[in-house]
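Okay, structure first, notes after.
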Amino acid sequence: MSQQQWNTVDDYFNSLLVPADEALRAALRDIEAAGLPRISVAPNQGKLLHLLAQIQGARRILELGTLGGYSTIWLGRALPADGRLISLEANASYAGIARANLARAGLADRTEIRVGPALDSLARLVAEGAEPFDLVFIDADKPNNPHYLERALELTRPGSLIIGDNVVRDGDVVDAGSTDPSIRGTRRFLELIAGNPKLSATALQTVGVKGYDGFALARVIG
């Protein structure tokens with residue numbers, strides 16, 4: 001199958017199952033106009049995050065990697081009125097765009113973007129004694145994924161769900177000899193999940209408008 005066919009199938013699914021939404025369309029327009037990297041989740045993947053958060057009954061969500069807030073909108077909309085989402089973004093200009101997009105989507109009251117290196121922000125959350133999160137979405141710089149997982153485990157509880165995005169890397173995740181920091185970080189992330197008896201996990205390959213990639217799901221069980 002070709003990339004064009006993957007795109008066409010995604011377009012078909014989105015037209016049927018992910019109705020057009022002005023707040024989401026506007027967020028993507030602003031992200032493109034500002035020249036941000038075109039790495040936001042696809043609409044059907046955003047809807048998947050939304051459904052997973054709803055199935056989880058999430059009241060507290062932690063996101064690593066805000067970009068322009070597109071995935072943040074999907075996750076934030078899954079929260080109850082008194083829910084809370086904290087998103088971590090290293091780039092202050094990206095965070096500004098995301099805040100505007102979240103406000104336009106009516107989510108300013110339940111979302112917070114913290115600016116700075118994610119590891120520093122995570123350390124502060126731990127130091128603050130943050131209430132455990134029901135869902136953690138890890139979609140930041142891949143070399144630090146192992147460290148993000150370690151912190152995520154400090155900020156969750158049994159029953160929490162940890163989602164890691166972009167774990168297939170166009171299939172290069174299987175290259176044990178790779179010197180690419182993103183691949184090495186992804187492999188170590190998966191190895192840490194596999195070796196942790198407190199986690200029950202799987203990983204899935206995906207194709208579509210985002211190319212060939214995938215995500216990992218890990219539930220905290222102990």
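Heavy-atom basis, side chains included; hydrogens, waters and symmetry copies ignored.
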I'd like to know if the side chain of [X] and the backbone of [Y] have a donor-acceptor N/O pair within less than 3.5 Å.
X	Y	result
Asn14	Pro43	no
Asp213	Val168	yes
Asp141	Pro143	no
Ser2	Gln5	yes
Arg110	Leu85	no
Glu112	Ile86	no
Lys142	Val167	no

Of the non-hydrogen atoms in [X] and [Y], which two are nearest, and what is the gap between them?
X	Y	result
Arg60	Leu79	N-CD2, 4.2 Å
Ala152	Ile162	CB-CD1, 4.1 Å
Ile73	Ala27	CD1-CB, 4.0 Å
Gln3	Gly211	OE1-CA, 3.5 Å
Gly159	Gln56	O-NE2, 2.5 Å

Parallel, tilted or perpendicular, as decided by the 30° and 60° cut-offs, for the rings of Tyr212 and Trp6: tilted
Verdict with reasoning, Arg157 to Asp134, per salt bridge (Lys or Arg N to Asp or Glu O under 4.0 Å): CA-CA 8 Å; Arg157 55 169 175 74; Asp134 304 303; 2.3 Å; yes
Path from Ile138 to Ile183 over hydrophobic side-chain contacts below 4.5 Å: no
